[in-house]
Structures are given as C-alpha cells and as structure tokens.
Protein chains: 2
Amino acid sequence: MNASDKVIGRLSHYRLLLSKLESQGKTFVFSRELAIMADGTSAQVRRDLMVTGYEGNPKQGYNVSDLLDELNKFFNFSRGVNAVLIGTGSLGRALLSYFMPKKSRYNIMAAFDSELSKTGRIIAGTRCCHINELEFELKSLGSVVAILTLPAEAAQTMATRLTNCGIKGILNFAPVRLRVPDDVYVENIDVTMSLEKVAFFANQKSEDREKEV
Amino acid sequence: MNASDKVIGRLSHYRLLLSKLESQGKTFVFSRELAIMADGTSAQVRRDLMVTGYEGNPKQGYNVSDLLDELNKFFNFSRGVNAVLIGTGSLGRALLSYFMPKKSRYNIMAAFDSELSKTGRIIAGTRCCHINELEFELKSLGSVVAILTLPAEAAQTMATRLTNCGIKGILNFAPVRLRVPDDVYVENIDVTMSLEKVAFFANQKSEDREKEV
DNA sequence: AGTTAGCTGTTACAAATTTCACAGCGTTAA
DNA sequence: TTAACGCTGTGAAATTTGTAACAGCTAACT
C-alpha cells in the first residue's frame, strides 16, 4: 500500500472529524458531509477512504464508529504516538502544554535542551533532559518520532544525531530543509513562510477587489 | 499574474535563503545551489523564479542582492507584514515571542483574548486587548492579516468576525476548516495532523526496513 | 575576434492529483 | 416482491504540478 502525503493528511483530518461526530452521537455520515467539514469534495473523500479498505453503505453512508476504528487501525496508533521534543524555547514549551500528558494520544516522552538551566526540570508534565543524554534516553524509549523546535543553525546537526539513533520521523519547525537518509520522513512546519504566503495572497485579493470596482 | 500556493511558498523560502547568502557575503548563486538548499531541483527553482520576472546571468547565475530585492518587491513587503493575533494561550504567546517586535519584518500589532485576566497587559512586547475591542482596533490598524491561535470551537465565529472587518488573510492554527468568502485566503497549520503524518510514515519506513531484511 | 563551457529561460513532456461520471448496490416504500 | 432512489466505488478524463531537454546567451580563455 502506498498512499501519498496528501491523502494521509486528509485521512488524519477525517479521523478527527469522525471522533467529533461520534462524540456527538452521530452513527452514520455521508461522504458529502465529511467533504463539507473537511473543505473538499465528496469524490475526494470516497477516493481517500479507498486506501483504508473500509466500505460504506450505499444507502446510509459510512458507519461513524466502524470507520473511525478502521482509521485508527490504519494509522496503527493503538499505543498512541510517542515523541521526543528537542529545544525548549517558547515554541517547544507551547507544544509541551499543547500535548500535555493526559487523555491525549500523543505522548511526549521527554524534552531535551542544550542549556543546563533548562534541564532537570519538569515542563508541562514532561521531564527535560540535557541534550547530552539524548542517545542514552532514546535507547530506552523505543520507537518514537522527534519534534524539532530549535534554532535553524542547530537543526541539521540534531537531525543527523537523531537519524543515527534510528529515528524515522521528524516534525521540523526550524526554517531549514533537513538532509536525512531516504528512510526518514520529515515534515516541515515553517510559520514564517506560512505567514508570508497569507500576506501575499491577502494583498493580492485586496488588489483584485480594487480592480473589479 | 497568478502563481500557485506552492510556488509562493517556495519563493518565500528562496527569499529566506537569499537573505542568508547575502549576509554571508555571497554575491552570485546558481539555481542548482538554491535547489540543494531548498531541497528541490534546479529546473524548479528557475521555473519558480520566472514568475517574478527577474532574469539571471547564464555565466554567473543570479545576483543575490538583486534577486532578493526583486522578491521583496514581488511580495510587496516594503512596509513589513502587519498582523493581529487572536488567542493568547500557550501557542499564541509562543508566537508573540517568536515574532517579538524588533528587527523582524513581521509586526504583530495587537493580540486579543476573551479572558479579561489576560487583557490590558503587554505580552512579549505586544499589547493584549479584550476581544470586544477587535472591531474598534482593526479600524485604526488598516490592512493586516490575522493569526488564529484559539480553541477549535471558537475559530469559525472569530473567522466570520474577522472577514466582516475586511480581513483578507488568515493563518489558522485551530484544527477546523474555516468557511470564509472567496476573497479571503486561509492557510491552515494543524500540528496534530502533521504529527500524525510523521508517525504514520515513520511507522511505514520502519516496516519497509524490516521487510528488506 | 573566435571558441568553448556551462548556466539560464522556456517549451515540451511526464507524473501526480483531483474531478467526473456512471454502473451497481442496499435500503425503503408500495 | 418489486421498483425506485440516491449513495458508494472506481475507471477514465481533466487538471495541476514537477521534470527533462535544449536553444541561446554570456563570461572567460586562446
């Protein structure tokens, strides 16, 4: 099975929508309804769901709970998602509170920082270790993904260290494209770039409006 | 001129790379070099740069400063990017420090929150107003984009309020697809979805590796 | 001045992604 | 039981996005 990046992103979104619907007590949902919530088309929803193998019912649509189970199986998150976070600057700390350990399926097992003043503490329920202990800690943690919230200059070095430890997935907030082996997946979130995109298109839309008048 | 979302994103990235190169004293750069830094191909770089109209030199490549100027002109950020931020939770505050007012070209003019306890203060150099003052404040601020860092439940209501005020661009961190008029651009950053993508592909890559053996 | 090497700009091609369209099916209603 | 409706699953078309290839040019060298 090979699904593209985009399909996986949307499936994750459908998963979220379905869990909302389930908690609202809805038992069946049509592709069209999901499409509206996900800002897509019904054909796209159906096509995306094909990769999971789950089949809907021509009259009732999709069974919310069953499809949700199927997606959870598909994502294979039975034991939740385990991660480590590197860099406890303001963004790193914000993510630690965001994924605060409790009912969430996302567990940040440990945070790391190079500044001694920040280590040895608990931040938002997560223990913060010195970066020197990275390799040692990762050995006992097993399979995890890494969240990189550190300055651009330090990101590549850290990515290399992480891949050397066998890390296969990195969520990178540093505005740098990381060079990693083929068997490692990197997802970039570049807030500045996104903001510039928004500003650009906002500008453009304003200008379009002016022209029309 | 109509450039796609993706092209604009990459141009923004080139802009960042060029400003780094300029500060390093590099005067000329080849499409191939930019491609390596941006994790793309040289053809794509050249193709992307076509939309700006700037032309390079077949022997020396692109003049770093000139191309940077051209891109700044293209993005029309001469007076910087002005934004307001809605929601001063942990993520909102992290972004306020990230875009801390100083040499940055990104100015968060004001932050808003519905909790009275958080308003009337200065957070990371940005004054925080009560959400009731949104419409009033926006009038005096002129053209800005909005950054939404608030709970999913509140996002749609706020998006509607913002578009009613004439906002044309929204950077949305809430895990909801916003319904806005056609002349408003929305860029979504969904950290949870991105993390799930990373976890999924990391899983897959690990499995692929096991099969090969 | 003429030649050469190698990069750019751009067109043509290829791949990926989305949308269309419709056969087939399951439920409902008569 | 049968008929009808309307949704799903999916092959095929359309669109979008990325890649390849090459003519043309410019600096450097003879």
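In what follows, every heavy atom counts, from backbone to side chain, and hydrogens, waters and symmetry copies are set aside.
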Rounded to the nearest angstrom, tell me the gap between atom [atom1] in [X] and atom [atom2] in [N].
X: A/F28; N: D/dG6; atom1: CZ; atom2: P; result: 19 Å
X: B/Q44; N: C/dC13; atom1: CD; atom2: P; result: 20 Å
X: A/R32; N: C/dT19; atom1: CZ; atom2: P; result: 13 Å
X: B/M50; N: C/dT11; atom1: CE; atom2: P; result: 6 Å
X: A/L49; N: D/dT8; atom1: CG; atom2: P; result: 10 Å
X: A/Y62; N: D/dG6; atom1: OH; atom2: C1'; result: 14 Å
X: A/I8; N: C/dT17; atom1: CD1; atom2: C1'; result: 15 Å
X: A/E70; N: D/dT8; atom1: CD; atom2: P; result: 17 Å

Base, sugar-phosphate, or nothing for [X], non-hydrogen atoms under 4.0 angstrom?
X: B/S31; value: sugar-phosphate
X: B/Y54; value: sugar-phosphate
X: A/S42; value: nothing

Report task. Assess the pair B/Y98 and B/Y106: is the distance between their ring centroids shorter than 6.0 Å? Result -> no
Requested in this report: Report yes if a side-chain nitrogen or oxygen of A/R46 is closer than 4.0 Å to either non-bridging phosphate oxygen (OP1 or OP2) of D/dT8; otherwise report no.
Outcome: yes
Report task. Verify the contact: side-chain N or O of A/R47 to OP1 or OP2 of C/dC20, cut-off strictly under 4.0 Å; return yes or no. Result -> no
**Report entry** From CA spacing to verdict: side-chain hydrogen bond (donor to acceptor under 3.5 Å, both in side chains), A/E196, A/T192
**Finding:** CA-CA 6 Å; A/E196 291 204 346; A/T192 302; over 6 Å; no
**Report entry** Carboxylate-amine/guanidinium contact B/K205 A/D183, below 4.0 Å
**Finding:** no
Requested in this report: Give a yes or no on whether a donor-acceptor pair under 3.5 Å exists between the nucleobase atoms of D/dC25, that is its base, and the side chain of B/K59.
Outcome: no
Query - Worked verdict on A/N57 versus A/Y62 for side-chain hydrogen bond (donor to acceptor under 3.5 Å, both in side chains) - result: CA-CA 6 Å; A/N57 176 310; A/Y62 302 92; over 6 Å; no
Query raised in the report: Can you name the one residue among A/V81, A/L162, A/I108, A/I167 that meets side chain to side chain contact (heavy atoms under 4.5 Å, CB included) with A/V144?
Result: A/I167
Options [options], nucleotide nearest the side-chain atoms of [X]:
X: B/F30; options: D/dT8, D/dT17, C/dC7; value: C/dC7
X: B/R10; options: D/dG18, D/dG9, C/dG9; value: D/dG18
X: A/P58; options: C/dT18, D/dT8, D/dG18; value: D/dT8
X: B/N57; options: C/dT10, C/dC20, D/dA27; value: D/dA27

Query raised in the report: In terms of the nearest nucleotide of DNA chain C, which residue is placed more toward the 5' end: A/A43 or A/S4?
Result: A/S4
